[in-house]
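Remember, it's a predicted structure, so these values are computed and weren't measured experimentally. Note that the numbering runs from 1 along the sequence shown for the chain. Only heavy atoms go into these numbers, but all of them, side chains included; no hydrogens, no water, no symmetry mates. Both counts, for ligands and for their atoms, begin at 1 and track the order of listing.
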Amino acid sequence: MIQFILFGPPGSGKGTQAAKLAEKYDLYHISTGDLFRSETANKTTLGLKALEYMSQGQLVPDEITIGMLKNKISNLSEVSGFIYDGFPRTNPQAEALDCLLQESNQAIDLLLSLEVPEDEIVKRILNRGKTSGRPDDNDEAIIRKRIQVYLDETSIVFEHYAKLGKSRHINGIGTIEEIFERLCFELDQICK
Ligand code: AMP
């Protein structure tokens, strides 16, 4: 079973690429952002709590995020692997994921980090905001806050898996197909 993290700042193309990779490699795509948005749309207690943080460009607290992820994973069976998109976003989340996988004698196989410069990210997210309907995609101050949170709290997760020799940088500039090819090249190495 493949355990793969698609990493990178907001707007780096994780969602688009994760959907394509999930299809090609038959992986179950878990996006914590999508899970939160679905909870919010259904106006659940968890969703309304998460919205307080999401609308400010802040991370939802680890306790809530980890609980939701565990709940999602434990209700799945018969999948051939996972692609994590937008999770883990803090070191405690990475440690919780490692512990969870360890319970079934598994571990993260690979983390690929999409590298995109900040100004390009802001441009992409504002453009996505025209159609995504996401309030956090329409306000440049909130977008810049999300990037800052990524730099301050999330980017260190790369090091957590780099220490285990699992992390790689991927150039996130180019067409969707070009970036997809770069990701596939790396995934093919572990899927052999
Ligand atoms: P995304 O769709 O991945 O850009 O996530 C949208 C928002 O959901 C983020 O800005 C956070 O507020 C929240 N979120 C998503 N994933 C996580 C996570 N792993 N930890 C904390 N907050 C998260």
Side-chain angles (χ1 to χ4, degrees), residues 3-22 27-74 82-101 108 111-116 118 120-161 167 172:
Q3 302 285 350
F4 165 56
I5 298 171
L6 187 56
F7 197 69
S12 57
K14 296 189 299 296
T16 305
Q17 296 293 341
K20 285 169 72 68
L21 293 166
L27 300 173
Y28 190 90
H29 176 193
I30 292 197
S31 154
T32 41
D34 285 349
L35 291 175
F36 282 132
R37 279 183 287 278
S38 150
E39 295 282 342
T40 302
N42 290 324
K43 296 195 167 54
T44 65
T45 312
L46 190 156
L48 296 176
K49 187 83 208 151
L51 187 61
E52 290 172 23
Y53 298 91
M54 295 167 80
S55 59
Q56 299 303 314
Q58 290 167 347
L59 294 182
V60 180
D62 285 339
E63 208 181 271
I64 299 176
T65 307
I66 292 165
M68 181 181 70
L69 183 100
K70 280 187 179 169
N71 189 31
K72 179 74 192 172
I73 290 185
S74 63
F82 288 94
I83 173 164
Y84 302 95
D85 158 11
F87 185 91
R89 258 174 155 108
T90 62
N91 265 343
Q93 289 182 18
E95 283 154 18
L97 179 62
D98 292 346
C99 283
L100 188 67
L101 295 178
I108 290 299
L111 177 153
L112 296 178
S113 177
L114 290 168
E115 304 301 317
V116 181
E118 178 163 338
E120 171 71 16
I121 289 174
V122 174
K123 223 166 57 189
R124 282 190 194 179
I125 299 183
L126 283 172
N127 200 34
R128 179 173 77 187
K130 290 179 194 157
T131 51
S132 70
R134 286 177 53 170
D136 59 344
D137 279 354
N138 277 303
D139 179 331
E140 184 164 341
I142 299 287
I143 295 170
R144 295 217 181 256
K145 167 82 184 161
R146 286 160 66 197
I147 296 170
Q148 198 54 48
V149 166
Y150 174 81
L151 295 173
D152 292 344
E153 299 179 51
T154 303
S155 57
I156 45 168
V157 172
F158 184 93
E159 306 306 327
H160 174 89
Y161 292 104
S167 297

**Prompt:** Evaluating non-hydrogen atoms only, which member of Met54, Arg146, Arg37 is closest to atom 13 (C) of ligand 1?
**Reply:**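 The option holding the nearest heavy atom is Met54.
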**Asked** For atom 4 (O) of ligand 1, which candidate among Arg134, Gln56, Lys145, Lys14 holds the nearest heavy atom?
**Response**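 When every heavy atom of Arg134, Gln56, Lys145, Lys14 is considered, Arg134 comes closest to atom 4 (O) of ligand 1.
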**Request:** Carefully, step by step, assess Arg146 and Asp139 under the rule salt bridge (Lys or Arg N to Asp or Glu O under 4.0 Å).
**Result:** CA-CA 11 Å; Arg146 286 160 66 197; Asp139 179 331; over 6 Å; no
So which protein heavy atom does [atom] come closest to, and at what separation?
atom                    : answer
atom 9 (C) of ligand 1  : Arg89 NH2, 3.9 Å
atom 22 (N) of ligand 1 : Val60 N, 3.0 Å
atom 23 (C) of ligand 1 : Phe36 CE1, 3.7 Å
atom 11 (C) of ligand 1 : Gln58 O, 3.6 Å

**Message:** Go through it in stages, so that I can follow the logic: the residues are Glu118 and Arg144, the test is salt bridge (Lys or Arg N to Asp or Glu O under 4.0 Å), and I'd like the CA-CA distance, side-chain angles, deciding distance and then a yes or no.
**Reply:** CA-CA 9 Å; Glu118 178 163 338; Arg144 295 217 181 256; 2.9 Å; yes
**Message:** Gln93 versus ligand 1: do any nitrogen or oxygen atoms come within less than 3.5 Å of each other?
**Reply:**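 Yes - when backbone and side-chain N and O of Gln93 are compared with those of ligand 1, one distance drops under 3.5 Å.
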**Message:** Below 3.5 Å, N or O to N or O, backbone or side chain included: is there any such pair between Pro88 and ligand 1?
**Reply:**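 Checking ligand 1 against Pro88, no N or O pair falls under 3.5 Å apart.
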**Message:** Suppose we call two aromatic rings close when their centres sit under 6.0 Å apart. Are Phe7 and Phe87 close by that rule?
**Reply:**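 No, too far apart.
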Side-chain donor-acceptor pair present, [X], [Y], cut-off under 3.5 Å:
X      : Y      : answer
Gln148 : Asp152 : yes
Asp98  : His160 : yes
Thr65  : Glu63  : no

**Request:** Within a distance under 4.0 Å of any heavy atom of Thr65, pick out the atoms of ligand 1 and give their elements.
**Result:**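 Counting atoms of ligand 1 from 1, those under 4.0 Å from Thr65 are 18 (C), 19 (N), 20 (N), 21 (C).
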**Request:** Provide the number and element of each atom of ligand 1 under 4.0 Å from a heavy atom of Thr32.
**Result:**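 Checking each atom against Thr32, I get 15 (C), 16 (N), 17 (C), 18 (C), 19 (N).
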**Request:** Examine distances only and state if a side-chain atom of Thr40 and a backbone atom of Leu51 form a donor-acceptor pair shorter than 3.5 Å.
**Result:**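 Side chain of Thr40 to backbone of Leu51, a donor-acceptor pair under 3.5 Å: no, none is there.
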